[in-house]
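The structure under discussion appears below in the form of structure tokens.
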Amino acid sequence: MTAQDAEELDVEEALAVANDRPVRGPAEPRSSRETPTTGQNGAHRTKDDSHHRATSWPEARAVAERAARSAGRRDPVSVTVDKALGLVLAAPLTALTDLPSFDTSAMDGWAVAGPGPWAVREDGVLAGHGESVRLTDGEAVRIATGARIPPDTTAVLRSEHGRTDDKGRLHPTRDLAHGQDIRPRGQECRNGDQLLPLGTQITPAALGLASAAGYDTLSVLPRPRVELLVLGDELLTEGLPREGSIRDALGPMLPSWLRALGAEVTAVRRLGDDADALYRAMKKSSADLIVTTGGTASGPVDHVHPTLRRVGAELLVDGVKVRPGHPMLLARTKPDQHLVGLPGNPLAAVSGLFTLAEPLLRTLAGRAAPEPYTMPLREAVHGHPYDTRLVPVSLRGDDALPLHYNGPAMLRGIATADALAVVPPGGARSGQELELLDLPWVTAGIQVCFT
């Protein structure tokens with residue numbers, strides 16, 4: 001039996017228990033399907049033993065965050081402003097100048113001095129030009145938005161609020177207050193003011209603020225570096241499935257997904273089911289995080305556990321009480337390097353990304369955890385008797401619609417989803433509020449730019 005078959009069989013058994021009905025499946029008794037497997041210390045353990053040792057879903061996410069913090073703070077890097085989107089400030093952003101750095105016009109119109117009517121100069125004041133000639137009372141000059149205010153200007157009269165008479169004199173058509181439509185120097189900030197604190201994730205607006213404040217480069221925490229190792233001899237990279245082989249969905253999907261989570265994908269390596277190649281790849285990697293696909297169970301070609309023992313890794317999470325994705329794992333391979341082992345089923349791999357990779361990458365990058373939120377379900381969702389389920393949902397108005405095609409090997413549901421609903425053991429009824437995990441490209445759209 002493959003790990004994928006075991007995953008789907010476990011779900012069927014769970015639903016059978018939930019519905020108090022016998023399990024449909026092979027004729028042999030349940031005990032004969034609890035195939036012994038070998039644990040890290042060489043002791044035999046059954047599938048039930050493995051589930052008993054699995055970590056709860058909330059605790060697995062907490063372990064991933066702690067693992068990232070244990071790796072130590074990474075050194076900041078300096079990047080140009082145009083390369084900083086989505087990164088996190090490694091130092092507070094302080095103003096390098098007053099903003100605005102001189103008195104400027106907030107509108108197109110006339111700079112005027114004293115009470116009207118005013119004699120209008122023939123010249124005008126445009127943005128980007130130096131200081132203009134001082135105005136005297138009774139004078140006005142045409143001025144553009146953003147242009148430097150001439151000395152002794154008392155207000156800016158908007159174009160639509162002024163008229164000229166037959167002698168060319170300018171009259172206001174409504175009351176004009178002193179200082180009206182003038183942006184005074186330092187209105188937004190003064191030189192040295194803190195604009196953004198340490199740890200702020202850089203948005204497009206933050207990029208604009210940094211540029212306006214005089215920055216060419218920013219001190220940021222670097223993106224976590226990820227190396228992806230795609231395992232499995234049965235995977236095809238082109239054409240239709242044939243002769244027992246299937247198309248690889250994870251190789252094309254995961255790099256973009258990891259970038260959307262804020263990572264820099266340094267390499268994608270296809271290793272097949274070669275234990276020695278997996279060992280060499282693990283030993284050679286200098287990435288902050290290694291991600292593997294498949295091979296996390298205990299079948300004859302499931303080499304992840306044995307290879308982790310071979311490299312002397314510390315297993316932090318060995319199975320998670322979540323469906324799909326139960327046989328995921330997290331290990332510390334070096335003091336400053338971790339490995340997330342994803343199941344080979346596509347939706348199960350997505351579950352592993354959200355459970356282990358997302359909190360680890362987010363913490364390495366210095367980003368704050370998103371504020372949790374809930375929405376009511378439009379329809380009831382079946383649950384597992386003792387495991388959390390992650391179910392793709394579409395957000396429709398004020399509630400979340402569970403999507404079909406949410407089996408471990410399916411991507412049809414998640415491809416049209418906005419979020420994953422966190423379904424507690426036992427399931428959820430229609431109208432019940434559930435926590436939602438936004439897909440990274442649905443939130444602010446920032447991370448999509450990483451691709």
Any donor-acceptor pair under 3.5 Å linking the side-chain atoms of Asp273 with those of His303?
no
Side chain of Asp418, backbone of Leu395: donor and acceptor closer than 3.5 Å?
yes
Heavy-atom side-chain proximity of Leu308 to Met282 below 4.5 angstrom
yes
Assess whether a salt bridge exists between Glu264 and Arg259, defined as any Lys/Arg side-chain N lying under 4.0 Å from an Asp/Glu carboxylate O.
no
Do the side chains of Ser351 and Met328 get nearer than 4.5 Å, heavy atoms only?
yes
Look at the side chain of Glu139 and the backbone N and O of Thr136, then say whether any donor-acceptor pair between them is shorter than 3.5 Å.
yes
For residues 107-116, tabulate all N or O donor-acceptor pairs below 3.5 Å that involve a side-chain atom, not counting sequence neighbours.
| from | atom 1 | to | atom 2 | distance (Å) |
| --- | --- | --- | --- | --- |
| Asp108 | OD1 | Thr145 | N | 2.7 |
| Asp108 | OD1 | Thr145 | OG1 | 3.0 |

Please determine whether the number of non-hydrogen atoms from other residues, nucleotides or ligands lying under 6.0 Å from atom CZ of Arg412 exceeds 12.
no
Ion pair check, Asp103 and Arg148, cut-off under 4.0 Å:
no
Is Glu65 salt-bridged to Arg69, cutoff N-O under 4.0 Å?
yes
Candidate pair Val141 and Leu135, rule side-chain contact (heavy atoms from CB on, under 4.5 Å), full reasoning
CA-CA 8 Å; Val141 65; Leu135 289 177; 4.1 Å; yes
Pair Lys321 + Glu59: basic N to acidic O under 4.0 Å
no
What heavy-atom pair brings His384 and Arg323 nearest, and what distance separates the two atoms?
CD2-CG, 3.6 Å
Going by side chain to side chain contact (heavy atoms under 4.5 Å, CB included), Leu289 matches just one of Leu361, Thr333, Leu356. Which one?
Leu361
For the CG atom on Asp82, are there more than 12 heavy atoms of other groups (residues, nucleotides or ligands in this structure) within a distance under 6.0 Å?
yes
Which atoms form the tightest heavy-atom contact between Pro150 and Val125, and what is the distance?
CG-CG2, 4.1 Å
Please determine which of Leu339, Asp276, Leu278 meets the side chain to side chain contact (heavy atoms under 4.5 Å, CB included) test together with Thr307.
Leu278
When you measure from the side chain of Glu227 to the backbone N and O of Arg269, does any donor-acceptor pair fall under 3.5 Å?
no
Do side-chain atoms of Asp318 reach the backbone of Leu315 as a donor and acceptor pair under 3.5 angstrom?
no
Please determine whether the number of non-hydrogen atoms from other residues, nucleotides or ligands lying under 6.0 Å from atom CG of Asp165 exceeds 12.
yes
Do Arg169 and Val120 come within less than 4.5 Å of each other through their side chains, counting heavy atoms only?
no
Would you find more than 12 non-hydrogen atoms of other residues, nucleotides or ligands less than 6.0 Å from Tyr373 atom OH?
yes
Does any N or O in the side chain of Arg225 come within less than 3.5 Å of the main-chain N or O of Ser286, such that one atom is a donor and the other an acceptor?
yes
Decide, yes or no, whether a salt bridge links Arg270 with Asp248 under the criterion of side-chain N to carboxylate O below 4.0 Å.
yes
Is there a donor-acceptor contact under 3.5 Å from the side chain of Gln337 to the main chain of Lys334?
no
If you measure from SG on Cys189 to CG on Leu195, what distance do you get to the nearest 0.5 Å?
5.0 Å
Do Glu379 and Ser430 have side-chain N/O donor and acceptor atoms under 3.5 Å apart?
no
CG/Leu89 to OG1/Thr200 distance, rounded to the nearest 0.5 angstrom?
5.5 Å
Closest non-hydrogen atom pair between Thr355 and Arg61, with its separation
O-CG, 3.1 Å
Would you say Ile202 and Leu207 make side-chain contact, with heavy atoms under 4.5 Å?
yes
After noting the C-alpha distance and the side-chain angles of Leu434 and Thr374, does the key distance pass the side-chain contact (heavy atoms from CB on, under 4.5 Å) rule?
CA-CA 5 Å; Leu434 290 187; Thr374 64; 5.9 Å; no
Can you tell me if Asp98 uses its side chain to pair, donor with acceptor, with the backbone of Asn191 under 3.5 Å?
yes
Taking the side chain as every heavy atom from C-beta outward, state whether Val268 and Leu229 have any pair of such atoms under 4.5 Å apart.
no
Carefully, step by step, assess Val393 and Leu436 under the rule side-chain contact (heavy atoms from CB on, under 4.5 Å).
CA-CA 9 Å; Val393 295; Leu436 298 186; 4.1 Å; yes
Could you state the interatomic distance from CG (Leu401) to OG1 (Thr416), rounded to the nearest 0.5 Å?
9.5 Å
Would you indicate whether the side-chain heavy atoms of Ile414 and Leu420 approach each other to under 4.5 Å?
yes
Please check if the side chain of His326 supplies one atom and the backbone of Val320 the other of a donor-acceptor pair under 3.5 Å.
yes
Euclidean distance, Asp399 CG relative to Met375 CE, rounded to 0.5 Å:
6.0 Å
Trace of the side-chain contact (heavy atoms from CB on, under 4.5 Å) decision for Ile290 with Thr292
CA-CA 7 Å; Ile290 302 170; Thr292 62; 4.3 Å; yes
Taking the side chain as everything from C-beta on, heavy atoms only, tell me whether Thr296 gets closer than 4.5 Å to Asp302.
no
Does Asp274 use its side chain to pair, donor to acceptor, with the backbone of Leu271 at less than 3.5 Å?
no
More than 12 heavy atoms from other groups under 6.0 Å of CG on Asp175
no
With no hydrogens and no angle check, just 3.5 Å: does a side-chain donor-acceptor pair link Ser159 and Arg142?
yes
Starting at CZ of Arg223, measure out to OG1 of Thr266 and round the result to the nearest 0.5 Å.
13.5 Å
Leu390 side chain reached by Val422 side chain, heavy atoms, under 4.5 Å
yes
Nearest heavy atoms of Ala67 and Ser70, plus distance in Å
O-OG, 2.6 Å
Between Arg74 and Leu221 the two heavy atoms that sit nearest each other are O-CD2, 3.7 Å
For the CG atom of Leu157 and the CZ atom of Arg163, what is their distance to the nearest 0.5 Å?
11.5 Å
If you compare all heavy atoms of Leu439 against all heavy atoms of Ala417, which two are closest, and at what distance to 0.1 Å?
CD1-O, 3.3 Å
Are the side chain of Ser256 and the backbone N or O of Met253 linked by a donor-acceptor pair below 3.5 Å?
no
Which ring pair (Phe, Tyr, Trp, His ring centres under 6.0 Å) pairs, counting each pair once, include a residue from residues 249-298, with sequence neighbours left out?
Trp257-Trp441
